[in-house]
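What you see below is based on every heavy atom in this structure, not just the backbone, and it leaves out hydrogens, waters and symmetry mates. Given the structure is predicted, the values throughout are model-derived calculations rather than measurements.
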Amino acid sequence: MRSLTTLARRFAVLCSLGLWIGGTTLYTGFVIRIGHRLIPGGTFGRVTRDVTGVIQVIGLVTLSVLLVNLLADWRASRRLIRWGTAGSWAVCALTLGAQFALRWTLLGLMDSPVRDRFESAHETYEMMTAIQWGAAMFHGGCVLAAWRGADTATRDRTG
């Protein structure tokens, strides 16, 4: 039963991290560029407003799943992997919190005739997204290393 629980937890980690970071990658790498080209005049910003809200909620769910996994693997992981996983999780959580705060700022400035404040907040939002993406990718690598270590230790104990 324990191996089934571990398998389900790992599956949840892969699915949620894949959805969150994969969705962010697809959206920022392709959809935004294509959308601005096809829907000129700033109208596409309304699509971005709605999609980023969904991505942020997915991020909250993913961080919860990742935290459960982090705690489940904590004692079995090597110290370097443990702290890499915890540190990258914290960076993801902090940047997601910043994105939520910036989102409300951006929504308030969206129709403002003064674009400088909007552009500055938007650049900060983009920077938080880039940092978050890198931390999440690093986190994924740490998780895989932790799982490999745990599987090797289990195999060594059971023969």
At what distance, to the nearest 0.5 angstrom, does [atom1] of [X] lie from [atom2] of [Y]?
X	Y	atom1	atom2	result
Gln132	Thr129	CD	OG1	6.0 Å
Arg103	Ile55	CZ	CD1	10.5 Å
Phe138	Cys92	CZ	SG	11.0 Å
Glu123	Leu102	CD	CG	12.0 Å
Phe11	Ser16	CZ	OG	10.0 Å
Trp89	Leu63	CH2	CG	6.0 Å

Same apolar cluster: [X] and [Y], side chain cutoff 4.5 Å:
X	Y	value
Val143	Trp133	yes
Ile58	Ile21	yes
Val54	Val65	yes
Met137	Trp20	yes
Val13	Val61	no

Where the side chain of Gln99 meets the backbone of Gln56, is there a donor-acceptor pair that is under 3.5 Å apart?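 A pair under 3.5 Å: no.
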
Is there a donor-acceptor pair under 3.5 Å between the side chain of Ser120 and the backbone N or O of Asp116?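 Not at all, since once roles are kept as given, no pair shorter than 3.5 Å links the two residues.
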
Which pair of non-hydrogen atoms, one from [X] and one from [Y], has the smallest distance, and what is that distance?
X	Y	result
Ala86	Leu70	N-CD1, 3.9 Å
Ile81	Ala145	CD1-CB, 3.6 Å
Leu96	Gly59	CD2-C, 3.6 Å
Thr105	Ala121	CG2-CB, 4.2 Å
Thr28	Ile32	CA-CD1, 3.9 Å
Ala135	Val91	CB-CG1, 3.5 Å

How about [X] and [Y]: do any of their side-chain heavy atoms sit closer than 4.5 Å?
X	Y	answer
Thr62	Leu19	no
Leu71	Leu67	yes
Asp73	Arg9	yes
Tyr27	Val47	yes
Trp147	Asn69	yes
Thr52	Tyr125	yes
Thr85	His139	yes

Hey, is CH2 on Trp74 packed in by over 12 heavy atoms from elsewhere, all under 6.0 Å?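 Yes, because the 6.0 Å sphere around CH2 of Trp74 holds more than 12 heavy atoms from other groups.
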
Can you tell me if CE on Met127 sees more than 12 non-hydrogen neighbours from other groups inside 6.0 Å?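 At most 12 heavy atoms, drawn from other residues, nucleotides or ligands, come within 6.0 Å of this atom.
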
Face-on cation placement of Arg115 at Phe118 ring, 6.0 Å and 45° thresholds: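 Pair Arg115/Phe118 counts as cation-pi.
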
Reference residue Phe44; test side chain to side chain contact (heavy atoms under 4.5 Å, CB included); the match among His36, Arg49, Arg37: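 One option only clears the test, and that one is His36.
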
